[in-house]
Each structure stands twice: as structure tokens, then as C-alpha cells.
Amino acid sequence: KDDVVAKIKQSLPLEDLLRKYTRLIPSGPGGWFKCCCPFHDDHTPSMWVNTELGLCNCWKPSCIAHRARPLDVINVYGLLTGLKNGEAIRHLAVQLFNS
């Protein structure tokens, strides 16, 4: 399972997935960006993204993307599609590697 997760993260960078829903704005060196969160009505950027780490989080406490631990591409895909992480892994594996 860990191998599949690593392959998914390599094949689908978090920033590629997020760019389908929002515009990433550079906010510092080291792969730091901010963006309007795709999970709530957001008019000023409330999500941070680190493309080098492949992680993000929303600063708004009431948002489903606001978590104690940052989200990776699988977590974000799961939230976008309503899938739990295991289901998101299976779905992405089929979508990315069995097409």
C-alpha cells in the first residue's frame, strides 16, 4: 500500500490537483504558496500549500480542510470527491495506472 501511495503522490502532485480548482499564489521560498480554499466560499486566500512537501491546510477553523495535521494529495482528492482515504487511494490508483 505504501508503494502505491508513493506512486500516486509522484504521479499527481498536490499543486496539479489544486490548480484545477484554485490559483496558487507564491508566498515565499521553498515551495510556499497560498490560495483561496476550494472547500468553502473564499474570497481571500485562506489555504497554505507547500509544493516541496506536498502538503496544505486551511486556516479557517470551520472548513473541512482545516485539520490538526496537513493534508496531502490523497486527503484533498478524498475531500473533493467525498471518498475516505482508502477509497481515494484505490480510485486514484485505477485512474492513474490502469487507463
Side-chain angles (χ1 to χ4, degrees):
K1 183 177 177 179
D2 291 337
D3 189 41
V4 171
V5 169
K7 287 180 181 179
I8 290 170
K9 289 179 180 182
Q10 183 178 17
S11 298
L12 180 60
L14 176 61
E15 62 268 26
D16 290 354
L17 178 60
L18 286 173
R19 282 189 177 115
K20 294 179 181 181
Y21 300 93
T22 189
R23 184 174 65 90
L24 300 184
I25 304 161
S27 68
W32 288 99
F33 292 83
K34 60 185 176 179
C35 63
C36 290
C37 181
F39 299 104
H40 63 89
D41 186 24
D42 197 4
H43 302 284
T44 57
S46 65
M47 178 174 269
W48 63 261
V49 180
N50 185 291
T51 58
E52 288 185 11
L53 299 174
L55 298 172
C56 68
N57 211 336
C58 182
W59 288 301
K60 186 174 181 178
S62 61
C63 178
I64 62 170
H66 177 80
R67 303 286 173 91
R69 294 172 50 188
L71 305 167
D72 64 13
V73 69
I74 293 166
N75 305 135
V76 171
Y77 182 81
L79 288 175
L80 288 167
T81 58
L83 299 173
K84 294 182 180 181
N85 281 346
E87 297 167 322
I89 291 167
R90 285 188 289 280
H91 191 268
L92 284 168
V94 168
Q95 183 178 339
L96 294 170
F97 311 124
N98 292 334
S99 52

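Every heavy atom of this structure was used, including side-chain atoms; hydrogens, water molecules and symmetry mates were not.
- Remark: Arg19 CZ to Leu24 CG distance equals 4.5 Å, nearest 0.5 Å.
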Side-chain polar contacts of residues 60-71 - donor-acceptor pairs under 3.5 angstrom, sequence neighbours left out - could you list them?
| residue | atom | partner | partner atom | Å |
| --- | --- | --- | --- | --- |
| His66 | ND1 | Cys58 | O | 2.7 |
| Arg67 | NE | Ile64 | O | 2.9 |
| Arg67 | NH2 | Ile64 | O | 3.1 |

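- Taking a 4.5 Å side-chain heavy-atom cut-off between Ile, Leu, Val, Met, Phe, Trp and Tyr, the cluster of Trp32 extends to Trp48, Leu53, Leu55, Trp59.
- Within the 4.5 Å cutoff, no side-chain heavy atoms of Phe33 are placed close to those of Met47.
- Residues satisfying the side-chain hydrogen bond (donor to acceptor under 3.5 Å, both in side chains) criterion with Ser46, sequence neighbours excluded, are His40, Asp42.
- Considering only residues two or more places apart in sequence or on other chains, Lys7 meets the salt bridge (Lys or Arg N to Asp or Glu O under 4.0 Å) condition with Asp3.
- Dense packing is recorded around CD of Glu87, with more than 12 heavy atoms of other residues, nucleotides or ligands lying under 6.0 Å away.
- Atom CG in Asn57 sits 12.0 Å away from atom CG in Asn50 (nearest 0.5 Å).
- Under the 4.5 Å side-chain heavy-atom criterion for ILVMFWY residues, no single connected hydrophobic cluster contains both Leu14 and Ile25.
- With sequence neighbours left out, His91 forms a ring-ring contact (aromatic ring centres under 6.0 Å, His included) with Tyr77.
- The CZ atom of Phe97 sits 5.5 Å away from the CD1 atom of Ile8 when rounded to the nearest 0.5 Å.
- Using a 4.5 Å heavy-atom threshold, the side chains of Thr22 and Cys37 count as separate.
- Taking every heavy atom of both residues into account, Leu18 and Pro38 meet most closely at CD2-CG, 4.2 Å.
- The CD atom of Glu15 sits 12.5 Å away from the NZ atom of Lys20 when rounded to the nearest 0.5 Å.
- The backbone N or O of Gly31 sits less than 3.5 Å from a side-chain atom of Thr51, completing a donor-acceptor pair.
- Scored by the side-chain hydrogen bond (donor to acceptor under 3.5 Å, both in side chains) test, Asn75 finds Asn85 as partners (sequence neighbours excluded).
- Note: Lys34 NZ to Thr44 OG1 = 9.0 Å, rounded to the nearest 0.5 Å.
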